[in-house]
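Naming convention: chains lettered A, B, ... in sequence-line order (proteins, then strands); numbering from 1 in each chain.
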There are 4 protein chains.
Amino acid sequence: MTVGVLGSGTVGQDVLNLIERRKPIFEDVGVKIEIAGVMVRDVNKKRNVPAGTRVTTDCDFLQECGVVIETIGGVDRPLDILRPYLRSDRPVITANKAMLAERWDELREYALDGKLYYEASVMAGTPVIGPMSTVLRASTFNKLQAVLNGTCNYILTQMEGGQDYAAALAGAQALGYAEDPPTLDVGGFDTAHKLAVLARFCADGNFPYSAVQVTGIENVTLADVQDASRNGEKIKLVAELERAGTGWKATVAPQRLPADHPLCTAGATRNALVYEGDECGTLIFAGGGAGGMITASAMVGDLLDYLLGFPGHVPLH
Amino acid sequence: MTVGVLGSGTVGQDVLNLIERRKPIFEDVGVKIEIAGVMVRDVNKKRNVPAGTRVTTDCDFLQECGVVIETIGGVDRPLDILRPYLRSDRPVITANKAMLAERWDELREYALDGKLYYEASVMAGTPVIGPMSTVLRASTFNKLQAVLNGTCNYILTQMEGGQDYAAALAGAQALGYAEDPPTLDVGGFDTAHKLAVLARFCADGNFPYSAVQVTGIENVTLADVQDASRNGEKIKLVAELERAGTGWKATVAPQRLPADHPLCTAGATRNALVYEGDECGTLIFAGGGAGGMITASAMVGDLLDYLLGFPGHVPLH
Amino acid sequence: MTVGVLGSGTVGQDVLNLIERRKPIFEDVGVKIEIAGVMVRDVNKKRNVPAGTRVTTDCDFLQECGVVIETIGGVDRPLDILRPYLRSDRPVITANKAMLAERWDELREYALDGKLYYEASVMAGTPVIGPMSTVLRASTFNKLQAVLNGTCNYILTQMEGGQDYAAALAGAQALGYAEDPPTLDVGGFDTAHKLAVLARFCADGNFPYSAVQVTGIENVTLADVQDASRNGEKIKLVAELERAGTGWKATVAPQRLPADHPLCTAGATRNALVYEGDECGTLIFAGGGAGGMITASAMVGDLLDYLLGFPGHVPLH
Amino acid sequence: MTVGVLGSGTVGQDVLNLIERRKPIFEDVGVKIEIAGVMVRDVNKKRNVPAGTRVTTDCDFLQECGVVIETIGGVDRPLDILRPYLRSDRPVITANKAMLAERWDELREYALDGKLYYEASVMAGTPVIGPMSTVLRASTFNKLQAVLNGTCNYILTQMEGGQDYAAALAGAQALGYAEDPPTLDVGGFDTAHKLAVLARFCADGNFPYSAVQVTGIENVTLADVQDASRNGEKIKLVAELERAGTGWKATVAPQRLPADHPLCTAGATRNALVYEGDECGTLIFAGGGAGGMITASAMVGDLLDYLLGFPGHVPLH
């Protein structure tokens, strides 16, 4: 099985290293993985990848790929590269929630056809998309709440410790947690991308990103956080989806939650999701939200699922 | 698709009602479910099942079944009924951890062949077996800890409130939570069955039930619980699996855990599981552990997965 | 893989022996065949079957079967036995053209679902149904002519040698070629059954047996045969299917054909079929029409196809 | 489903036209065919293809193809183009016996993986490879004889009419039947290519082309043909495969056969194959050997089989 990788940042490198490390698992299912190529911007940059990995700036190697793992991010650039490949009905593994959220018009048909694998796109290594696209569909979905952005989680936790917003943000940027400008994270748009992806499994298979109402954490003050704390509460950036009349209401906004709420007890460094269904009851999923290897673990997991014969993550019709 | 159901207790009735209620989901995947028959002990007993359901004391209808859902419980009785059926390579959906744990010698080949679906067997409606048999295998597993028995959870929580063990147990029995004799629950054996099932996905595909070291909660005293409480801890019946030398150590025993440990914050009525892998990090799964409909939701979810073309839950080789 | 066999006449015994003889072929595709049981009328009758074969008068063993091979013949008796089994969506391999022709109303849904394998039903060991249900569908079908009944072939050939019809028929009966009464063969009905089966692959997926116009060979005289011979022709019982207006005309009747016509040159002991399509041109298929092992070869071939993952023979929609 | 076509000679054009003409058959299996591109040497050459067909001299469109139909012929040129594409595990449909025979070392793994479809490569529109790779494997193969080259058939038939070899060859060339130089046909090499392909289904999955002993028809004289005719025989270029000790003997050579032998009665314009198995008996397949549409019918049939979910033609292991 020939695998191509687009991009070789932290996640891309970790994907390559994990495939190498877990060779025995692939041999166990009777498959030998061969990396056909890795598309990068600069072939001379030093990288931590297995010796002999073929690194290139063009994407001719896609012709040879049985499956492609996309890790470059962005919205239109990866889709431009993938477009001819996707037309051949070959599978793509991606963690790219921005592309999935904003280019669903084009990607939906491939998702419905089982060609897109994107467990890593919403909660990194925590498996929620697999269950939501399969077994959980037996229950009647009612509501979900989730904390999905590690940078916001970090900033708000620092504020609980007494820092003001600007200082906490600067700290996050210094540590490399937040991009510059940090709008995608602190503005709530990354969380909104993820909520749109989730909504397509439990509310409406064609849920548009534009229907998510988004408020970021930029206006959360230290006073707000301290006031919450005095009342036994924490402020979290919460993605929420629930029924509204005959349709659905999707919002991303800061919320005050009791300190013993599952979204709070999951801890400062973990993403968490609370899923409520009439029959399955209230389910809680939580796991680490940052780190290339955590994301890589779900992408290589998707690769394994593909090799085991499972279709990709199919949204509601 | 003709479906047969063995047993018609709480779970069996809820399975039948949920299949009826979720008809649109099955129609969405192009399948019309027909119940070929329901095997019961007493056809005259009043039941809450869809009108017209064919109830019978024999199991001749298995001949007509494309898939069978087993809800009768026990170890040898369900297996005796299923044995000829299983030889035909048709799928079985079950929540029966006792049978899975204690008759693995016979059942393993069917599981390896993808014919057994048993998401409901360990954490009822909380999806852990699906992820552990697929995407999570990409990570290197190290350790898991879990609270898996609702009756023990209830008793220990009552003791936190000041009841002694005997009174708490009597209360659980009065509410119908615990069987009589309650050994399977309070002796830790139900939890051990579930741990054996889990171990086959992350440690050793042939992990024997007999290798689980089991201590129940019968000897936990009110003084123990109160002492823990004074130290900011709770006592839980914990299933634990971790590396030991070149092998694995599996234990079920009461443990004192910090009150903010994920197994404690999940709450008195929820099962919880903490999964640690080198790459995926620490993951938390939690959900309601009791109630027929919660269990039924996973069994009907398994039915949906089967109809979507997914194989059953395949353990490690 | 557990296989059940219904009936143990010549064909049934040959199926059992061929499965035993060709074990390496099944091992080559990774399958070990186990005969779950053979249903017979009389368990004490001496049979040429592999030692240890489980012979029984009931059909309880169907519960254990992953696939069933039907060789008992007749119309309603095999269907009554198979009905509950078929409802479970398990596959049936059969050579029973009478049942296929006359009970299509009930069997069609299983055929459309790919659960019926019946290569042996029309031309025994000569593969025509496989190609007609797959690759040949790319061509526009126009016409077919076929000689499909060995008994008629034998009788007419004997008449070419100078015997009259009654003597030739008596000879066929003495040799065990013709049943008593021989109406099914000499009346053209067996040939008509086969033509109805063929028509469903190339003309109309719901082609009714009753639409075949049937004339047998009972009124063919020695004088007719000799007159034909003087003109360089032979008389054959020909099944013919061709376009008629917007529909199709299906007939079974004796025809005078040039001695060098493919239906004649195939020889006295061979079935033959001439298939005409706009694009594929004129194709000829011929092979032995009698003998249990010839029929068994196609039935075991169907078993192999099933094990290789091929669906059964799907008619036009 | 996006389809690419390599080459646009007679066969390539007929493939394109047949796909267009048989649209309803593809719609019947739920597929809309889209031609991604057709690779040609000269885009300005006038072609009989559906309006709007995208014709190009490069093969970039392969990136978009879910399946590729190769009609350019030759040995290394098509393989050089297909090599990267094949590594992606996408299917190829081809009638190219030269490439299959001479580059089996490289192609075999793809054939074993079910990715190569080549019904048209040996007997054009007559389905022999399908049956030989599936249902016929239930029988023990012993021997085959076949007439597989239309040009030789034409020349030898002309010689039966009184022309000498040189005149008959010149006639064949004038009619465009024979290439210039005609060695591939009259030297027996085309027939040998085909025999090597056949041998891999019934004798040895790795049968080498070089093991075929080849004698052409160049030395067959008019006197030879006339002498045969006086003895009620015809001379045919016969491909023959039979057991020889523990192995197999494969030869291509002119043979004198009785005029009523199936290879002769098939007629001057038809290919024919006689297949002998212990259990299936003697089977005869015959059909038109020349003409682009006949070949196209099998290639589009292969496309249909692929879309129906059938694997390609898998040789013996």
(request) Examine whether an atom of D:Thr140 lies under 4.5 Å from a heavy atom of chain C, and if so say whether it belongs to the side chain, the backbone or both; otherwise answer neither. (result) both

(message) Looking at chain C, which one of D:Phe310, D:Tyr275, D:Phe26 has the largest number of heavy-atom pairs inside 4.5 Å, strictly under?
(response) D:Phe310

(request) May I ask you to decide if D:Ser8's main-chain N or O and D:Gln13's side chain share a donor-acceptor pair within less than 3.5 Å? (result) yes

(request) Just give me the residue among C:Leu308, C:Leu18, C:Asp302 that pairs up with chain D most often, heavy atom to heavy atom, under 4.5 Å. (result) C:Leu18

(request) Decide, yes or no, whether a salt bridge links C:Glu276 with C:Lys143 under the criterion of side-chain N to carboxylate O below 4.0 Å. (result) no

(message) Given heavy-atom pairs under 4.5 angstrom as the criterion, report whether the side chain, backbone, both or neither of D:Arg137 touches chain C.
(response) both

(message) Between C:Met299, C:Arg270, C:Met123, C:Glu119, who has the most heavy-atom pairs with chain D when the cutoff is under 4.5 Å?
(response) C:Arg270

(request) Ignoring hydrogens and angles, tell me if any N or O in the side chain of C:Arg243 forms a donor-acceptor pair with the backbone of C:Phe141 under 3.5 Å. (result) yes

(request) Return the option, out of C:Asp260, C:Ile25, C:Ile294, with the maximum number of heavy-atom pairs under 4.5 Å with chain D. (result) C:Ile294

(message) Strictly distance-based, threshold 3.5 Å: is any side-chain N or O of D:His313 a donor or acceptor partner for the main-chain N or O of D:Ile129?
(response) no

(message) Determine whether a donor-acceptor pair (N or O, by modelled atom type, separation under 3.5 Å) exists between the side chain of D:Thr53 and the backbone of D:Val49.
(response) no

(request) Under 4.5 Å, counting heavy-atom pairs only, tell me which of D:Thr265, D:Val300, D:Asp305 racks up the most with chain C. (result) D:Asp305

(request) Examine distances only and state if a side-chain atom of D:Asn17 and a backbone atom of D:Asn48 form a donor-acceptor pair shorter than 3.5 Å. (result) yes

(request) Please check if any side-chain donor atom of D:Lys194 sits under 3.5 Å from a side-chain acceptor atom of D:Asn149, or the reverse. (result) no

(message) Just so I understand: if I count every heavy-atom pair under 4.5 Å between each of C:Gly130, C:Ala286, C:Gly281 and chain D, which residue has the most?
(response) C:Ala286

(request) Can you tell which part of D:Leu283 gets under 4.5 Å to a heavy atom of chain C, answering side chain, backbone, both or neither? (result) both

(request) Report yes or no: does D:Thr295 contribute a side-chain atom to a donor-acceptor pair with the main-chain N or O of D:Ala120 at less than 3.5 Å? (result) no

(message) Tell me which of these, C:Ala266, C:Ser133, C:Pro127, has more heavy-atom pairs under 4.5 Å with chain D than the rest.
(response) C:Pro127

(message) Please identify, among C:Gly287, C:Ala296, C:Gly125, C:Ser139, the residue contributing the most non-hydrogen atom pairs under 4.5 Å to chain D.
(response) C:Ser139

(message) Between D:Leu136 and chain C, with a heavy-atom cut-off of 4.5 Å, which part of the residue counts as in contact: side chain, backbone, both or neither?
(response) side chain

(message) Treating D:Gln145 as the side-chain partner and D:Leu263 as the backbone partner, does any N or O pair qualify as donor plus acceptor under 3.5 Å?
(response) no

(message) Quick check for you: among D:His317, D:Arg22, D:Met293, which has the greatest number of heavy-atom pairs under 4.5 Å with chain C?
(response) D:Arg22

